[in-house]
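What's counted below: heavy atoms across the whole structure, side chains too, no hydrogens, waters or symmetry copies.
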Amino acid sequence: MVAKYVIVLSLAAVAYAGLLPAAKVVYAEPEAPAHYDFSYSVHDDHSGDVKQQQESRAGDAVHGSYSLVQPDGVHRIVEYSADDHQGFNAIVRYEGTPVHPAPAKVAYAAPVAKFAYAAPVAKVAYASPVAYAAPVAKVTYAAPVAKVAYAAPVAKVAYASAPVSHVTYSSPAITYHH
């Protein structure tokens, strides 16, 4: 990578010193001062875009004008000229009075309230401080009906002092016995 920089800088030094022949640029014809006339116009009723421009050049002197209808309805007209002696000069005129439409009324929607209620999780009662028995569980579940709903407590667990030999699980539609 360093070798590339050394080669490029060496060639630049040799060219600067004049040891390499340089090509001369030769024009096929002498350049004459520019002469042109240019103009365009736009009048679009759909978008409301109305503008026009015209310009003439003779050598180094340029004369022209442009006009447009601004968003507030005022017609702006600019006439300009530029030459070697006086530089660029512009005259700006405005025709018409500004028209400001009434602001549009904006409708706002009321915020939507969302409610959620969590049912109590579990109630646990301990009856026997010494002995342990298998739990007797009664679980009740109510499916939510709407966005705002109340469900019965989810679980009630009770521990009895005597062992339980019969456990029952139930739901609103089906009952299981073991």
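Taken together through direct or relayed side-chain contacts under 4.5 Å among Ile, Leu, Val, Met, Phe, Trp and Tyr, Y80 and Y94 form part of one hydrophobic cluster. Under the 4.5 Å side-chain heavy-atom criterion for ILVMFWY residues, no single connected hydrophobic cluster contains both I91 and L68. Note: the hydrophobic cluster containing V50 does not contain V78 (ILVMFWY, side chain heavy atoms under 4.5 Å, direct or indirect links).
One distance of note links NZ of K51 with OG of S67; it measures 11.0 Å at 0.5 Å rounding. Once rounded to the nearest 0.5 Å, the distance linking CZ of R76 with CD of E95 reads 13.0 Å. Between the CD atom of Q54 and the OG atom of S39 there is a distance of 7.0 Å, given to the nearest 0.5 Å. Between the CG atom of N89 and the CD atom of E79 there is a distance of 12.5 Å, given to the nearest 0.5 Å. Considering CG of D83 and CZ of F88, their distance stands at 11.5 Å, rounded to 0.5 Å.
V74 and T97 get closest at one heavy-atom pair: CG2-C, 3.8 Å. When every heavy atom of H35 is checked against every heavy atom of A58, the shortest pair comes out as ND1-CA, 3.1 Å. Scanning both residues, S56 and D37, for their nearest heavy atoms gives OG-OD1, 2.8 Å.
With 3.5 Å as the limit, one finds no donor-acceptor pair spanning the side chains of Y66 and E55.
R57 is linked by a salt bridge (charged side-chain N to carboxylate O under 4.0 Å, His left out) to D60, counting only residues two or more places apart in sequence or in another chain.
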